[in-house]
Amino acid sequence: MKILILGSGAREYSIALALKQTTKNLDLYFSPGNGATQNLGTNLNIEDINEIANYAKTNKIDLCIVGSEDFLAKGVVDIFKENNLTIFGPTKAAAMLESSKTFMKNFLNKYNIKTAKFLTTNDLNEAKNFIQKLTPPIVVKADGLCAGKGVIITLTHEEAIYESKKMLDGESFGDAGKSIVIEEFLEGYELSIFAICDGDNFILLPVAQDHKKLLDEDKGPNTGGMGAYAPSPLASEELLEKIKKDIIIPTLEGMKKENKEFHGVLFIGAMIVKNEPYVLEFNVRFGDPECEVLMPLIKNPLELILASTQKHLKDIKLELKNEFAVGVVCASKNYPYKNSEKSEIIIKSIPENSHISYAGVSLENNQLMASGGRILVCVGLGKNLKEAKQKAYDLCDNIHFEGKQFRKDIGFWVFKK
Ligand code: AMP
Ligand code: GLY
């Protein structure tokens with residue numbers, strides 16, 4: 001079977017690794033992939049989605065899995081479907097749950113799904129009036145995709161107005177910020193919830209938790225994510241029932257009513273406030289680094305993905321290992337501010353029950369180089385979180401590249417208790 005995976009991060013690497021480890025006779029292709037996916041298959045480096053679909057047709061690709069949101073927002077799924085090709089992910093219209101925060105917030109309001117109080121606007125005076133009604137902190141968000149950077153938490157009314165103006169003027173995020181969302185700040189803890197969907201039915205994956213801040217104890221700037229673990233003991237059965245009943249089911253029903261039937265991964269960034277789940281955001285693909293800790297726990301990833309594309313999720317069961325996974329992101333020296341010079345990656349050894357998912361790496365003269373951003377994720381598996389964490393950090397200590405930085409406290413919301 002030939003599978004094409006779109007994206008270049010550790011997320012895409014981890015999907016490939018899990019498929020390889022659970023299914024025989026797979027030929028994997030990546031576009032663009034990274035320096036390490038070359039060891040799992042073939043890197044194509046085709047950017048244009050029409051050309052990607054052409055390649056898939058000519059080369060008889062059996063399944064395309066979309067890792068990153070950019071391809072989805074551009075409509076890669078629509079093009080594949082027009083060409084009768086099999087692809088895992090939502091259409092461009094359904095991907096608006098992630099690509100437009102205005103659409104997402106109005107959708108949540110319309111279908112009575114709990115979220116922070118908000119205003120969507122492209123008018124500064126309207127923004128000012130709403131800001132004056134809120135008590136700081138106040139959250140200001142750009143409407144469009146900003147690679148995780150379009151959310152600003154402001155501490156005063158003046159700052160909220162200033163940031164709104166900068167976004168609306170196109171100064172902060174270009175066109176992505178010309179429409180904005182202003183919302184109340186929610187205080188609680190965040191969970192990453194993943195439902196694999198086929199339009200009508202869904203299968204919930206183990207609940208994960210991301211660590212978005214650069215530094216220990218959730219300090220420092222926001223990043224793409226510095227580590228994750230799953231399953232999270234912070235998600236009780238009672239909470240999961242609320243998430244299914246009050247968020248996932250109305251979302252799938254609502255999207256159908258809007259003529260935007262949802263297929264693929266529905267990723268809910270949830271804030272849990274006094275045991276009630278609120279939707280902070282939807283994403284329409286796997287999280288990164290959450291994917292890197294979920295994939296190693298799933299025994300039948302290909303069956304799950306195929307069942308979503310074939311609309312028969314209700315006939316299959318998710319098979320999970322009875323284990324926990326912890327993933328620690330090792331990033332380059334200047335992450336998330338700017339890129340660093342390339343440097344050699346030296347790996348002493350990879351201890352049992354641990355592995356690496358590679359992201360910002362290139363292969364030069366057969367040497368793997370750290371090429372910037374988030375470089376790789378050290379994943380540890382164990383029969384409990386403590387053991388998995390130990391495995392992940394043992395692996396971190398065995399890896400060297402210039403300026404390596406990583407958080408030392410992945411899982412701290414659980415361990416601090
Ligand atoms: P988003 O891209 O909307 O998930 O926002 C990025 C991060 O900003 C989230 O993961 C939260 O940590 C934080 N955030 C966003 N919206 C809110 C909110 N209304 N209250 C508190 N924190 C928020
Ligand atoms: N880890 C959060 C994201 O992938 O958006």
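As the structure lists them, so they are numbered: ligands from 1, and atoms in each ligand from 1.
Note that SG of C378 is 8.0 Å distant from CZ of F406, once rounded to the nearest 0.5 Å. Between L28 atom CG and I5 atom CD1 the span is 5.5 Å, to the nearest 0.5 Å. Of the inter-residue distances, the one linking S232 atom OG with L191 atom CG reads 5.5 Å to the nearest 0.5 angstrom. Considering CZ of F412 and OH of Y229, their distance stands at 9.5 Å, rounded to 0.5 Å.
Within the 4.0 Å heavy-atom cutoff, E187 does not count among the residues contacting ligand 1.
No donor-acceptor pair under 3.5 Å is formed between the side chain of E319 and the backbone N or O of N300. Although no hydrogens or angles enter the test, the distance criterion places no donor-acceptor pair under 3.5 Å between the side chain of E261 and the main chain of K256. In this structure, R11 contributes its side chain and R285 its backbone to no donor-acceptor pair below 3.5 Å. Without hydrogens or angle criteria, T120 side chain to V181 main chain gives no donor-acceptor distance under 3.5 Å.
Residues forming a ring pair (Phe, Tyr, Trp, His ring centres under 6.0 Å) with Y111 (at least two apart in sequence, or on another chain): F107.
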Tabulated below should be the N or O atoms of ligand 2 paired with protein N or O atoms at under 3.5 Å; can you produce that?
| from | atom 1 | to | atom 2 | distance (Å) |
| --- | --- | --- | --- | --- |
| ligand 2 | 1 (N) | D210 | OD2 | 2.8 |
| ligand 2 | 1 (N) | D288 | O | 3.0 |
| ligand 2 | 1 (N) | E290 | OE1 | 2.8 |
| ligand 2 | 1 (N) | E290 | OE2 | 3.4 |
| ligand 2 | 4 (O) | R285 | NH1 | 2.9 |
| ligand 2 | 4 (O) | D288 | N | 2.9 |
| ligand 2 | 5 (O) | R285 | NH1 | 3.3 |
| ligand 2 | 5 (O) | R285 | NH2 | 3.2 |

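Among E190, K101, M271, the residue whose heavy atom lies nearest to atom 10 (O) of ligand 1 is E190.
Between N222 and ligand 1, no pair of N/O atoms sits closer than 3.5 Å. At least one N/O-N/O distance between L186 and ligand 1 falls below 3.5 Å.
Those atoms of ligand 1 with a heavy atom of K212 less than 4.0 angstrom away are 10 (O). Close approach of ligand 1 to E183 (heavy-atom distance below 4.0 Å) involves ligand atoms 16 (N), 17 (C), 18 (C), 19 (N). Short contacts between ligand 1 and V151, defined as distances under 4.0 Å to a heavy atom of the residue, involve ligand atoms 1 (P), 2 (O), 3 (O), 5 (O), 6 (C), 8 (O), 15 (C).
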